[in-house]
Each structure stands twice: as structure tokens, then as C-alpha cells.
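Each chain gets a letter, A, B and so on, in the order the sequences are listed, and its residues count up from 1.
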Amino acid sequence: MNAPEPDRSLNFVEQIVQADQETNRWDGRVHTRFPPEPNGYLHIGHAKSICLNFGIAEKFNGSCNLRFDDTNPTKEEVEFVESIKDDIRWLGFDWQDREYFASDYFEQLYQWACQLIGEGLAFVCELTPDEMRSHRGTLTEPGIASPYRDRPAEENQELFARMRAGEFPDGSRTLRAKIDMANPNLNLRDPVMYRILHTEHHRTGNQWCIYPTYDFTHGQSDSIENITHSICTLEFENHRPLYDWYCQSLKIYHPQQIEFARLNLTYTVLSKRRLLELVAQNHVSGWDDPRMPTLSGLRRRGFTAGSIRQFCDTIGIAKATSTIDVGVLENSVREDLNKTASRVMAVQKPLKLVLIDYPEDQVEMLQAVNNPEDPEAGSRDVPLSRELYIERDDFHENPPGKFFRLKPGGEVRLRYAYIIRCEKVIKDDDGNIVELHCSHDADSRSGMPGAGRRVKGTLHWVSANHCLRAEVRLYDRLFLKEDPSDVAEGENYLDNLNPESLQTLTDCRVEPSLAEAQPGDRFQFERLGYYSVDRDSQPELLVLNRTVSLRDSWAKLQKTQQQGKKKANSG
RNA sequence: UGGCCCCUAGUGUAAUGGCAGCACGACUGACUCUGGAUCAGUUAGUCUAGGUUCGAAUCCUAGGGGGCCAGCCA
């Protein structure tokens, strides 16, 4: 049966594009762009925009440009343009030769500014920033006109040329559009088009000392690039009238701006200002710290590009402000890695276990399935011997109810190996459990006739003499609160940082098949989670990042049991 | 307080005047040599009040709630 794939309903932006296609509004063209400012690293919120813009181009047989919105030389750096390109490529999108910079358009923008001056639609203003603020009025009161508003065009032309020539210090003058000081939309109260900044630009060097503002740049850049649909986030909605005003006043090709709601994630901050602050103040190790919501951080954490694209697909596009549970992101990487990651046995917190009735020098090679979800992935051999390590959490002397793991006198299966029974618990002088002595049922090895016997629990393990040492880095949410900005008076989001967001385990053991593992390789540690080899990894000491734990219904059960106890106690 | 935008199960998102659906979560159960995965099932929603209409989540009005805007940031 080849049932037709039911068309996933279009989001509202795609609906607009489709309607335009049906009416032939742009001669059948669809041309979008992704316009990052190179002042920081891309994060998961940008991925939403990238998937939308490149996705629409793909879906409607159009193109998507990459354009760096580099109009503010005080904040922008080449390092960021390189990282941005890396991240977009990693996500799997291709802008081919359509790589543009707003700074490529500086001369054209300057000419357009002169044109508006000539038509009496722009003027050079000498108000200080403070004065300009007080002239602007408030949300409820109109502003008052700048005293320089009615200068003759010739004088404006000359002053603007002298601004460009570098005759005036920073902040002393601006070029402003002459629109409407009483407009209820503050963006139309004679907005600044150019400011003086004697700062070197990452591309144009010292060629310019005046720089156009975002508003005077963005629409025209879209226009130059023949963009059809200029998709941006909601906070630019109030700027659309200005976008339209510049295109109309300049009488140039006029794309349509469409706004959608930006991504918010629980337990996460997604503003570049804050991410920069986390990096600059060393709350994290860098932009690619695996706890960061940056694409480079997620990548280092072990997220796949596919899982991020899948995530962007499931969250949808709309205009309503919303917050996605960070668990949705975690689920999308679980879903992807479940199908693709090789299973492997690793012990995070080792507890020695001796099979007292297993021959001293015997080693058996046991066949282990690499990926039960993918028969093509094949199998590998795992060595078993008398001395093993199991997970400390998998043994309990006085276990709570429904504990299916090992306990004194209890039986469990060692995965791919034998059913064992705990005969003796060895403790040190302080009463800490240091070793377990177990017997094994020699007929119960996986694959043997006696293997059919059922026991409730199955444990992962490694052979003490064959395993490799590893460091495992466990990551937890960077913030303690769903909404990191939910703080008491006088505090800020940094007060909500989770002091335990990184836990480093230095005494872990992994099965020998990981000897050749390379940075970036991903594995599932059976019963634990998904892990990715970190770039800090050395041949003698593997370093692994936990991407995300496996779903853990035991942990969940315990949680509800504890809550039940609490209730009983308080009641 | 002015302008603009938004409001559909717990979360997110469809339905564009005609049966309120999907995904995720949560809960049940089945299966399981990963307490994973998988499968089956259950759960739960149109912010409120009016109006238009044979018929309203959808259109109109008022109210409520939320977001954005007073950078020479983007």
C-alpha cells in the first residue's frame, strides 16, 4: 500500500507564501533570507528561523540567502561570522553563492540617504542623545520636533557629506528621517538613519565613520536582494511601518515583512546579551559549553542536526508568544539517537562484583547486539571474566519496593551473560559497601537452553580486567527555574543558575570496544543514556558528554513514592 | 496611560462560517535479556459577556489576560 502522505498543514507563513504563489504576486518567485547579526553565536532560537527560511525556500522551490546584518561595528566580529556559517552548514542548509553582507550595501545606502535628504524627507540633527530622548515624548504624549528639523536640503546635504568625511565626533550628529513626531508608533517619530561611529568595521575597515541603523538598512537590503518574504520575529512588528516607509519613499522594490513568535524554552535563556554574559563572566566554559543552548554547545553536547531540525518542525510557527518545555528538545534527540546510536555497556559509578564460582583465568567473548532498532548495525564481542564492575545504584542492601535490581540473596541477569545471585556483601571498616560476591547459574548464559529462565532485572556491566577508564560529564539544566528571569527584587537571572549543572565523574569504566572512539562519536550506554565523545578526549582517558539520559521510569516511580511519603507525613 | 500584536487539552499546534483534530506529556495495560524501545488504550481544550448567522474557535463589540515599543542595538 502506498498511501499518500497526508500533507502536513501549512503554518501561517507558508500559507501566505502559497497564497502569493496562487495569485502570482511575485512572478512565481519565493526568495527568503536568514539575516543574523555577527555579534554572537547562533542558538536554538536561530535554528527555528533558519529552518523556517531555508525550509520555505526548499518547499516552494525558491532560494534563501545568508545575509550578515553587520551595521554596528562596535559589536561585530569575524569570529562570529565564521561560527555562524559553520552552524548553518552543520544544520544541513546551503546558501550556495548567496552570501551577503549589509556592509556591501553601504555606498548604495548612503546614496539613498542623500536621495531622501534631497526630497526633504531627512535631516541632520544635532541633538544629543539625552535631548533626543526628551524630545521623543512618551507612550502617551507626542514628541516635539527637533530644532534642526527644517534645515534646507542643501545644508543637510553638506552636513551629511561632512559627517561621512569624519569632521564630527561620535554622537554629535545624526541623520534622521522626517516622518511624524506625534505618531503613536514611536518608531516613526523621526527615527535615526545614520550615526557617527569612529570604529573599525570587520569588513569595511576604516572606510566609514557613519553607519546606517538597522531600520535604514534591513528593508533596503531585502530590496536589493530581491527578497519576496522577509520573515522576522515579533518584536519587529512595530518596525514594519518604517520598513514600508523607506521602501515607498525610496520608490524601490518592496518585499513583504512577516513576523512570527520567537522561541522560548523552559530552564533556558535565549538572548544574545545574556548568553554573552554567561560566557564573559565564566559561568560556562565558552560559547560551545555543552550546557549552552547555542548550536555549537548542543553539537558538543551530542545533539544531532537531524534532531534539531525535527524539533523545529514539531514546535510549529505562530504569532502567539509561547514557551516550549525543554523536555521536547530532549525527546527529539532521544528519538533520533534511539534509531542510530550504537549500544555499549559502561559503568558510571563502579562497584566491584566477583563471580566466586567462575574460573579465575577464564574469559568468554559474548555476542552483543549493536542496535536492536537497526539489524544492519550488527554485533560485537564483549569479554566476561571473574571480576566485573556493575553500577553502584544497581545494588541496594535494603531496597525499596519494586526495586528490580540486585539485592542480598537476589537474582538478576547480567546483560548478554549469566543470571547471578548475590551471596555476600563486603564492607570496609566504615560500613561502606566495597564489593559483592555473587554466584552464577552456568546454564543461563544468553543463547543457552537454560537462558529462558526469567528474572526481573537485567544489569549492565564491564569486565574489570578488560574495561577502559573514562571521564563522564553529566549535564543538568543551567537554570533552576522554568523561567530564569523569575527573580526576587534586586536579583537577576544569574541568581537562578544551577550550581550543579555540571557533574564530572572521573572513575567510569567502559567496555573495550570504545578503544577507537573518536571525538563526536555517539553511543547509547545501555540503561543510562546517550553520550558523545568530547574533544577533550585523550587516548588514555576517554571523555564523554552525556547528551541526555534515557527515559527512566524507575526514577519517576521513586519520585512519586517520595512525594506520597511527604504527603502522608504532612497529613 | 497610547499604539500594535496575541489568547484552542498540561505544553505546543491545526481547523480560515459547517463533525474541535494532531503531536508531545501524563495515566493504564501488553511486550521486553536496556525499568530503553515498541504496541494498545485513557485523559483533557476554544479567556468572559453580548451581537451577526440556519450555523461562530473563526466575523463584530465590550471586557479580561499576555507580549512588544520611549537605543545614535538588532
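- A salt bridge (Lys or Arg N to Asp or Glu O under 4.0 Å) with A:Asp394 is found for one member of A:Lys349, A:Arg405, A:Arg415, A:Lys407 and no other, namely A:Arg405.
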What does the 5'-to-3' dot-bracket notation of RNA chain B look like when only Watson-Crick and G-U wobble pairs under 3.5 Å count, and pairs to other strands show as |? .((((((..((((....[..))))((((((.......))))))...(((((..]....))))))))))).....
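- Note on A:Ser322: a side-chain N or O is less than 4.0 Å away from OP1 or OP2 of B:rU13.
- Listed pair A:Thr138 / B:rG2 fails the phosphate criterion, with no side-chain N or O lying under 4.0 Å from OP1 or OP2.
- Checked against a 6.0 Å centroid threshold, the rings of A:Tyr214 and A:Phe236 count as neighbours.
- Between A:Asp190 and A:Arg136 there is no salt bridge, since no side-chain N of the basic residue sits under 4.0 Å from a carboxylate O of the acidic one.
- One P atom belongs to B:rA15, the other to B:rG51, and the distance between them is 28 Å to the nearest Å.
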Can you check each nucleotide of nucleotides 39-46 of chain B against protein heavy atoms at under 4.0 Å and return B for base, S for sugar-phosphate only, - for none, in 5' to 3' order? --------
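- Residue A:Arg173 places no side-chain N or O under 4.0 Å from the OP1 or OP2 atom of B:rC72.
- For a distance-only test at 3.5 Å, the side chain of A:Gln524 qualifies as a donor-acceptor partner of the base of B:rU34.
- Salt-bridge check for A:Arg445 with A:Glu364: passed, with a basic side-chain N closer than 4.0 Å to an acidic carboxylate O.
- For A:Glu335, there are no salt bridge (Lys or Arg N to Asp or Glu O under 4.0 Å) partners two or more places apart in sequence or in a different chain.
- Here B:rU34 presents its P atom at 10 Å from CZ of A:Arg413, a figure rounded to the nearest Å.
- The CD1-P distance, from A:Ile324 to B:rU13, rounds to 6 Å in whole Å.
- Dashed line: the shortest gap from a side-chain N or O of A:Arg189 to OP1 or OP2 of B:rA70 is not under 4.0 Å.
- Checking the phosphate oxygens (OP1, OP2) of B:rG71, a side-chain nitrogen or oxygen of A:Arg136 falls inside 4.0 Å.
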Encode nucleotides 14-25 of chain B as B, S and - characters from 5' to 3', where the letter depends on protein heavy atoms closer than 4.0 Å: B to the base, S only to sugar-phosphate, - to neither. SSB-------SS
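- Between A:Ile231 and the choices A:Thr32, A:Val17, A:Ile16, the side chain to side chain contact (heavy atoms under 4.5 Å, CB included) rule is met once, by A:Thr32.
- The P atoms of B:rA62 and B:rG21 are separated by 32 Å, rounded to the nearest whole Å.
- Using a cut-off of 4.0 Å between Lys/Arg side-chain N and Asp/Glu carboxylate O, A:Arg509 and A:Glu391 are scored as not salt-bridged.
- Both A:Ile196 and A:Lys456 lie near RNA chain B, and the one whose nearest nucleotide falls closer to the 5' end is A:Lys456.
- Ring to ring, A:Tyr531 and A:Phe525 are close: their centroids are under 6.0 angstrom apart.
- The phosphate of B:rC72 (OP1 or OP2) has no side-chain N or O of A:Arg133 nearer than 4.0 angstrom.
- The distance from atom CZ of A:Arg176 to atom P of B:rG71 is 12 Å, rounded to the nearest whole Å.
- Near-neighbour residues of RNA chain B inside residues 234-243 of chain A, defined by a heavy atom below 4.0 Å, number-ordered: A:Glu235, A:Phe236, A:Glu237, A:Asn238, A:His239.
- For the pair A:Thr321 and B:rC5, the criterion of a side-chain N or O lying under 4.0 Å from OP1 or OP2 is not met.
- The closest side-chain heavy-atom distance from A:Ile84 to A:Pro36 is below 4.5 Å.
- The aromatic ring centroids of A:Tyr211 and A:Tyr194 lie 6.0 Å or more from each other.
- Residues satisfying the side chain to side chain donor-acceptor pair (under 3.5 Å) criterion with A:His135, sequence neighbours excluded, are absent altogether.
- Atom CG of A:Leu406 and atom P of B:rG35 are 14 Å apart (whole Å).
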